[in-house]
Amino acid sequence: SAGNLAGLSSLARFALAETHPQLRIGLVNAGAPDGLAWAALRSVLRQAQKLTDRCDLHCLTLATVLARLSGPAPVCAPAIPSAAAPMPVPLPQLDILLLIADNELQPQLFARFLPWLQTVPVWGAVGAPVLWLARSNLLSGVRIALPWGLFAEADAVAERAILTSNLYEC
């Protein structure tokens, strides 16, 4: 996993403050609905959410995020929206965002998602999205854990980031 972890210490103080009721965590599934990484992480964070009232977990698919970022389709719409037309649902404001997938993603889809990712104070990735972030030069000089299966695809990323196969390190 990898990501923008620079704000974690300030985020921890923020989340533990009495004045902040909840830590808003977003999980975005960019892979298969039954992907191993998605199922494991979502399960653990849902359990954590049950144990505390300070965690607000948002589970989204990449398709949902992209649809909300795109807004309504350009159609000749009446000047006054009808009651039957649903209003677009905005994306949640988050403190932490994790992009999760076991497989590759089309580069143009990731490029559309990237600006929203960068609005979140702390973000990261699990699985194949680690390579997407690294290829976008967002992880230059950062130590990242890469699953063994993705090492062959690391190409030029290995020159810019510090790759390790240890998924858990201090």
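Predicted, not measured: the structure shown is a model, and the values here were computed from it.
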>> List the residues meeting side chain to side chain contact (heavy atoms under 4.5 Å, CB included) with A128, not counting sequence neighbours, and say none if there are none.
In response: W132, L150
> Nearest heavy-atom pair of L27 and L41: which atoms, and what distance?
Replying inline: CD2-CD2, 4.2 Å
> About how many Å separate CG of L36 and CD1 of I100, when rounded to the nearest 0.5 Å?
Replying inline: 11.5 Å
> So do L99 and W123 actually touch side chain to side chain, heavy atoms under 4.5 Å?
Replying inline: no
> Are L62 and L69 grouped together when hydrophobic residues (ILVMFWY) are joined by side-chain heavy atoms under 4.5 angstrom apart?
Replying inline: yes
>> Under the ring pair (Phe, Tyr, Trp, His ring centres under 6.0 Å) definition, can you give me all pairs with a residue in residues 34-62, not counting sequence neighbours?
In response: none
> Once you round to the nearest 0.5 Å, how far does CZ of R24 lie from CG of D95?
Replying inline: 4.0 Å
> Which pairs count as salt bridge (Lys or Arg N to Asp or Glu O under 4.0 Å) when at least one residue sits in residues 126-138, sequence neighbours excluded?
Replying inline: E104-R135, R135-D155
> Under 3.5 Å, side chain of D102 to main-chain N/O of G31, donor-acceptor pair present?
Replying inline: no
>> Could you work out, with side chain to side chain contact (heavy atoms under 4.5 Å, CB included) as the rule, every residue matching S136, not counting sequence neighbours?
In response: F110, L114, L138
Let me have the donor-acceptor pairs involving side chains of residues 42-49, under 3.5 Å, with sequence neighbours excluded, atom names and distances please.
none

> Taking all atoms of both residues into account, what is the closest heavy-atom pair of G124 and L133, and its distance?
Replying inline: C-CD1, 4.2 Å
>> Could you report the tightest heavy-atom contact between P92 and R68, atom names first, then the distance?
In response: CD-NH1, 4.2 Å
>> Applying side-chain hydrogen bond (donor to acceptor under 3.5 Å, both in side chains), can you list everything that pairs with T61, at least two apart in sequence or on another chain?
In response: T64
> So, for L97 and L117, which heavy atoms are closest and what is the spacing to 0.1 Å?
Replying inline: CD2-CD1, 3.6 Å
> In terms of heavy-atom contacts, does CD of Q93 have more than 12 from other residues, nucleotides or ligands at under 6.0 Å?
Replying inline: no
